[in-house]
Asker: 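The structure's right below; bear with me while I get my questions together.
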Amino acid sequence: MNSDMVLKVKNISKNFGLTRALKEVSLNIEQGEIIGLIGENGSGKSTLSSIISGVYPATSGELELDGRPYKPVNTMDAQKQGISMITQEMGTLPGIRVADNIFLGKEQLFTKGGVVNRRKMFREAKKEMDKLEIDHIRPEDPIIKYSLEERKLIEVVRALYGSPKIFIVDETTTALSQHGRDIIYKIIRQFKNENKTVLFISHDLEELMRVCSRMIILRDGVLIARLKKEEFNEDKIKELMVGRKLTDDYYRSDYDGSFEKEIVLSARDLYMGKSLKGVSLNLHKGEILGIGGLTDCGMHELGKALFGIEKPMYGEVVLGNGEKVDSEKRAIKNRMGYVSKDRDQEALILSASIQENIVLPSLSKLRKGGLIFNRTEKRFTSRQVMDLNIKCREITQEVRDLSGGNKQKVVFGKWLGNESEIFILDCPTRGIDIGVKAFMYRLMYQLKKEGKSVIMISEELPELIGMSDRILIMRNGKIRGAFERTVNLNEAVLIKEMV
Amino acid sequence: MSSLAKIKNNTFVNAGEWLRKIVPYLGIILMIVIFQVLGNGKLLTRGNINSIMNQTIYVAIMAFGAIFVYAHGGMDLSYGGVIGFSVLISILAANTGVPVWVVFLANIGAALFWFLLNGMVSVYLKVSPFITSLCIMYMCRGILNTVCAAQKYSVPVYIYNYDNQVFKLCILIGVYVTCYLLFEKSGIGKANKAIGGNPTAAAQAGVNVRAVRIMAYIISGITVGIAGFILMARAGSVSTSTGQGLEMNVITALVLGGVPLSGGSRVKMVGALVGSFSVILLRNGLIILGVNERVIEGIQGLVLLLLVYLTYVKNKDGILK
């Protein structure tokens with residue numbers, strides 16, 4: 001009867017200070033299930049998975065693993081009991097080798113008389129990686145040799161060592177390319193075949209619907225629905241997630257890809273390291289220019305070069321007025337704004353307040369008689385907070401405490417406040433939920449209508465097709481194709497140019 | 001309009017924040033009460049208050065400038081050595097008979113030289129300012145040891161006119177107001193805080209990170225020069241030990257004033273002022289209680305470590321990165 005039950009979650013609640021992140025969530029998880037956990041930012045899905053994987057304890061409620069009470073002290077303890085998690089954030093230690101990372105905290109397995117048998121460790125690491133068909137990573141290499149994506153895979157190897165009963169994948173696929181994702185999907189299928197369990201958290205609804213056997217929907221810390229595979233329906237799930245009916249104007253609905261003739265920004269023959277090999281483009285007034293490609297095609301570096309963050313070895317970026325963009329400062333002076341794809345690392349000062357973040361690019365404009373007064377800053381910030389509907393306790397609150405979507409709104413607030421005319425957006429909707437995503441799309445369209453220009457760099461083809469007037473597809477540092485906005489434009493056409 | 005009201009009406013969640021802000025003031029009050037009672041009223045005598053003021057002034061002036069450096073995540077340990085060097089140069093200048101404003105400029109120039117060096121080396125050569133400033137401190141000490149070993153240099157008598165409470169208080173207030181406005185109400189201070197929070201994000205928001213960091217060292221150098229003038233007028237002479245240990249006083253002042261040494265937006269100018277009083281009060285109080293001066297140094301080290309640790313636990317970022 002209940003023999004299939006692996007994990008029982010009973011009335012789990014979690015409070016962070018005054019915030020109630022989870023409210024009395026109960027859940028039964030059976031063997032061989034692939035459970036999708038979905039909800040908007042701040043809905044509590046990461047909180048739930050963190051409690052299960054031992055990151056922190058619940059405020060109240062109980063967990064049962066295989067019919068016995070389960071109270072993990074930390075993630076290591078959870079892993080010993082058979083529950084492993086990989087997360088969105090980096091989880092490998094720099095400065096040590098690949099194999100050391102895989103067996104972190106388990107060195108005693110290879111230790112004899114106080115000496116670690118390195119050779120045995122490398123062999124074991126190799127074996128583990130072979131299992132997952134990761135053949136290009138060498139266990140004896142220092143980890144810094146590898147890219148973020150490869151490190152993520154190393155983390156996966158670590159999590160899977162000791163064959164856990166339950167594998168939690170927390171928003172990991174967002175950081176991975178198709179190849180990395182395929183590896184994760186394979187692991188998930190393998191788990192299912194071995195009658196083990198996966199808890200899969202992702203913002204990508206389509207991905208979840210394809211992979212999962214059951215779906216759990218959270219909203220504001222409350223479990224809203226449990227859906228079986230045959231009940232999966234995209235619109236229904238979205239509706240349950242946001243708690244209201246979503247209208248169809250998710251993307252812009254028109255197919256009028258027109259813009260003005262005036263060129264506001266152009267790149268001329270940019271060469272930069274291995275990432276840009278002769279890129280030229282023109283951005284027009286009132287245009288949304290989409291740039292797509294695989295993650296390492298050079299488009300992210302192009303965004304940085306356009307804003308003057310990275311200097312090209314050859315070629316130049318020129319504004320409509322003839323001025324060259326050679327630094328961030330010059331770009332901002334000419335009313336450009338840049339939204340980095342690494343929000344927490346590059347776009348925000350997490351330990352500073354919403355106000356300090358939003359006013360930063362505009363400080364020189366807020367000066368009155370040489371001084372910048374707090375009330376001027378407050379007025380300036382409050383306006384952005386209201387216009388963008390940033391959910392916060394107060395504008396002096398640290399940005400760190402905001403959800404992903406609200407953080408992204410703060411980043412937008414910096415540039416809207418500075419009255420930017422040219423927006424360079426690198427993955428502007430990465431890791432934010434549907435509600436805020438829709439808001440961002442509306443905002444971009446509105447900017448276009450106001451005659452502002454937008455470059456949207458994105459790894460998601462649907463949003464490129466849905467929003468752009470023109471799409472440039474990059475491959476290996478070069479632009480391979482340009483596509484006008486039409487009804488017939490589809491992903492297949494673009495993918496052909498990407499790979 | 002209602003959401004604006006909502007933004008403003010939210011003071012109660014900030015109880016922890018508020019407590020963090022008032023602790024430095026509570027510390028001062030607590031120390032005054034304890035030392036006054038245990039020291040049989042010797043703390044708050046006219047003479048002793050004067051002495052506290054005299055010592056606080058130059059520590060405070062250096063701390064005001066130090067705020068800029070520490071806010072962006074920089075560091076400087078050379079205060080004692082550099083102020084000693086500054087006093088030496090200005091006394092040598094004063095003895096040539098130049099007007100007093102030239103002496104004053106000599107103070108500033110001498111201190112500025114070393115701070116600019118630390119700034120340049122850490123910004124352009126990317127050497128840790130911790131190491132650079134430690135080396136600078138030793139270089140300054142070396143110069144003082146060499147020059148002052150054989151001969152004692154004293155100021156001309158007229159310089160003593162500047163060792164006057166009203167004048168010094170005016171300087172203190174003037175430097176504080178200037179530094180306060182620069183740090184809290186102008187781009188340079190805000191840029192320094194932003195760099196301390198996240199240099200990449202600051203750069204992407206248009207902050208010229210290198211220039212701002214150099215600027216912080218320049219401001220700090222100027223304040224050390226001003227403090228050097230006051231110390232010169234006070235001490236009247238320079239010896240191998242001039243300024244010794246002052247770097248410790250400046251850093252302790254910052255920490256006692258609630259300034260996180262890792263920098264960022266929690267750095268406040270008022271912390272330097274409050275902290276400078278605290279550190280001098282602590283040292284002075286212990287002397288009144290009859291504690292040996294060498295023991296006091298040990299106590300100060302312990303207090304600093306303890307405070308850094310306590311702030312470390314409370315603050316998610318930690319006080320030192």
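All chains are named by letter (A, B, ...) in the order of the sequence lines, taking the proteins before the strands, and each is independently numbered beginning at 1.
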Asker: Between A:Asn418 and chain B, with a heavy-atom cut-off of 4.5 Å, which part of the residue counts as in contact: side chain, backbone, both or neither?
Answerer: neither
Asker: Is it true that atom NZ of A:Lys311 has more than 12 heavy atoms of other residues, nucleotides or ligands lying nearer than 6.0 Å?
Answerer: yes
Asker: List the atom of B:Gly197, the atom of A:Ile349, and the distance in Å for their closest heavy-atom pair.
Answerer: CA-CG2, 3.5 Å
Asker: If the contact rule is any heavy atom under 4.5 Å from chain B, which residues of residues 335-348 of chain A qualify, in numerical order?
Answerer: A:Tyr338, A:Ser340, A:Asp344, A:Gln345, A:Glu346, A:Ala347, A:Leu348
Asker: Could you tell me which of B:Ala203, B:Ser186, B:Gly264 has the largest number of non-hydrogen atom pairs under 4.5 Å with chain A?
Answerer: B:Ala203
Asker: Identify which part of A:Ile372 has an atom lying under 4.5 Å from any heavy atom of chain B, answering side chain, backbone, both or neither.
Answerer: both
Asker: Let's go through B:Val207 and A:Leu360 carefully: what are the C-alpha distance in whole Å and the side-chain angles of both, what is the deciding distance for side-chain contact (heavy atoms from CB on, under 4.5 Å) to 0.1 Å, and is it a yes or a no?
Answerer: CA-CA 8 Å; B:Val207 172; A:Leu360 196 54; 4.2 Å; yes
Asker: Rounded to the nearest 0.5 Å, how far does CG of B:Leu182 lie from CG of A:Leu371?
Answerer: 9.0 Å
Asker: Does atom NZ of A:Lys23 have more than 12 heavy-atom neighbours from other groups under 6.0 Å away?
Answerer: yes
Asker: Output yes when B:Lys185 and A:Glu377 qualify as a salt bridge under the 4.0 Å nitrogen-oxygen rule, no when they do not.
Answerer: no
Asker: Is there side-chain contact between A:Glu356 and B:Lys193, with heavy atoms separated by less than 4.5 Å?
Answerer: yes
Asker: Report the C-alpha distance between B:Gln204 and A:Lys414 in whole Å, list the side-chain angles of each, state the deciding distance to 0.1 Å, and finish with yes or no for side-chain contact (heavy atoms from CB on, under 4.5 Å).
Answerer: CA-CA 11 Å; B:Gln204 289 191 3; A:Lys414 290 204 303 195; 5.7 Å; no
Asker: More than 12 heavy atoms of other residues, nucleotides or ligands under 6.0 Å from NZ of A:Lys365: yes or no?
Answerer: yes
Asker: Need one label for A:Ile332: side chain, backbone, both or neither, based on atoms under 4.5 Å from any heavy atom in chain B.
Answerer: side chain
Asker: Find the distance between CG (A:Asn357) and OG (B:Ser265) and round it off to the nearest 0.5 Å.
Answerer: 8.5 Å
